[in-house]
Amino acid sequence: QSAHRAGLRSFIRYGWRWSWRVAAFVTIFNTVSTGLSVYRNKTTISNFASAGAFTGALFRMHLGLQGLAGGFMFGTAFGIPAGGLLMVMQKLAGETLQEKRNRECRELYEQKLAEWQSRLSVTEVLGQTESNAQGGPETERARE
């Protein structure tokens with residue numbers, strides 16, 4: 001029990017040192033991979049490899065050129081399996097993020113098109129009503 005307490009104390013004491021680094025790493029990795037996916041309009045392993053390489057190099061930049069190259073290689077090596085795992089999980093879920101984005105865009109387009117057509121039909125009905133109202137007295141005068 002005392003070993004358990006000591007482990008918990010050290011986790012609390014030193015855990016914050018790693019928590020912000022992990023959070024920053026994950027944030028940068030996800031931002032870069034999502035940005036590449038949106039820019040390229042497709043999700044591929046190369047997006048995750050590039051994001052891992054960029055993030056790894058960024059975190060090892062302070063160690064010089066060797067650190068930069070090492071971080072680049074380390075990030076690429078871990079970005080490929082992470083990206084593969086994410087893509088497999090999306091496939092198992094039934095719909096990838098790309099498919100979801102395309103479906104939502106198509107649904108939004110169809111909704112706006114239907115709204116536009118309904119507004120157009122209302123305008124046409126109002127135009128016919130107005131022309132009938134203007135034509136009504138003229139027709140009566142012509143009859144007289």
Side-chain angles (χ1 to χ4, degrees), residues 1-140:
Q1 198 173 22
S2 64
H4 185 273
R5 285 191 198 128
L8 186 61
R9 253 193 323 270
S10 63
F11 178 76
I12 292 170
R13 185 179 303 152
Y14 300 110
W16 66 272
R17 291 183 183 178
W18 286 100
S19 64
W20 72 268
R21 290 179 178 123
V22 170
F25 188 91
V26 169
T27 301
I28 294 169
F29 178 84
N30 283 332
T31 301
V32 172
S33 67
T34 302
L36 286 171
S37 294
V38 169
Y39 179 73
R40 292 179 172 175
N41 201 22
K42 62 182 176 179
T43 303
T44 60
I45 293 289
S46 63
N47 292 352
F48 295 104
S50 301
F54 176 79
T55 309
L58 187 67
F59 270 75
R60 292 294 173 201
M61 190 170 51
H62 69 283
L63 298 176
L65 191 57
Q66 281 184 326
L68 187 78
F72 185 87
M73 298 303 286
F74 180 79
T76 302
F78 281 99
I80 291 171
L85 180 65
L86 287 171
M87 289 177 68
V88 166
M89 288 174 59
Q90 288 176 6
K91 288 285 185 185
L92 291 175
E95 185 178 40
T96 65
L97 291 177
Q98 183 66 34
E99 292 168 351
K100 180 181 178 185
R101 191 172 28 238
N102 289 341
R103 179 181 50 81
E104 288 175 348
C105 186
R106 185 179 62 250
E107 288 173 354
L108 181 64
Y109 172 75
E110 290 171 356
Q111 178 185 2
K112 286 185 177 184
L113 182 63
E115 181 180 329
W116 181 77
Q117 287 176 340
S118 70
R119 287 184 181 179
L120 184 62
S121 67
V122 167
T123 306
E124 289 174 356
V125 168
L126 287 176
Q128 289 174 355
T129 306
E130 185 177 295
S131 66
N132 289 342
Q134 289 176 355
E138 291 176 3
T139 352
E140 289 178 15

Query raised in the report: Are the charged groups of Arg103 and Glu99 less than 4.0 angstrom apart, N to O?
Result: no
Query - Straight-line distance of Asn102 CG to Glu95 CD, nearest 0.5 Å - result: 9.5 Å
Query - Shortest non-hydrogen contact between Ala53 and Thr76, atoms and distance - result: CB-OG1, 3.1 Å
Report task. Start with the C-alpha gap between Met89 and Lys91, add the side-chain angles, then the distance that decides, and say whether side chain to side chain contact (heavy atoms under 4.5 Å, CB included) holds. Result -> CA-CA 5 Å; Met89 288 174 59; Lys91 288 285 185 185; over 6 Å; no
Requested in this report: Establish, for the pair Arg119 and Trp116, whether the NZ or CZ atom is under 6.0 angstrom from the six-membered ring centre and no further than 45 degrees off its axis.
Outcome: no
Query raised in the report: Do any N or O atoms from the side chain of Thr34 and from the backbone of Thr31 form a donor-acceptor pair under 3.5 angstrom?
Result: no
Requested in this report: Using a cut-off of 6.0 Å, state whether more than 12 heavy atoms not belonging to Phe59 lie near its atom CZ.
Outcome: yes
Query raised in the report: How about Phe29: does its CZ atom have over 12 heavy atoms from other parts shown lying under 6.0 Å from it?
Result: yes
Query raised in the report: Rounded to the nearest 0.5 Å, how far does CZ of Arg101 lie from OG1 of Thr96?
Result: 8.5 Å
Report task. Report yes or no: do Ser46 and Arg40 form a side-chain donor-acceptor pair below 3.5 Å? Result -> yes
Report summary line: For Leu68 and Ala57, the nearest pair of non-hydrogen atoms, with its separation, is CD1-O, 3.4 Å
Requested in this report: Report the C-alpha separation of Glu107 and Gln111 in whole Å, then their side-chain angles, then the decisive distance to 0.1 Å, and conclude whether the side chain to side chain contact (heavy atoms under 4.5 Å, CB included) test is met.
Outcome: CA-CA 6 Å; Glu107 288 173 354; Gln111 178 185 2; over 6 Å; no
**Report entry** Within 6.0 Å of CG in Leu120, more than 12 heavy atoms from elsewhere
**Finding:** yes
Requested in this report: Kindly indicate, with the supporting measurements, whether the criterion side chain to side chain contact (heavy atoms under 4.5 Å, CB included) is fulfilled by Leu108 and Glu104.
Outcome: CA-CA 6 Å; Leu108 181 64; Glu104 288 175 348; over 6 Å; no
**Report entry** Separation of Ile45 CD1 from Ser50 OG (nearest 0.5 Å)
**Finding:** 11.0 Å
Query raised in the report: For atom CE of Met73, is the number of surrounding heavy atoms from other residues, nucleotides or ligands below 6.0 Å larger than 12?
Result: no
Report task. Have a look at Phe48 and tell me which of Leu36, Ile80, Thr43 forms a side-chain contact (heavy atoms from CB on, under 4.5 Å) with it. Result -> Thr43
Report summary line: Closest non-hydrogen atoms of Ser37 and Asn47, given as atom of the first, atom of the second and distance, are OG-ND2, 3.2 Å
Requested in this report: Rounded to the nearest 0.5 Å, what's the gap from CZ on Phe25 to CZ on Phe78? Could you check?
Outcome: 9.0 Å
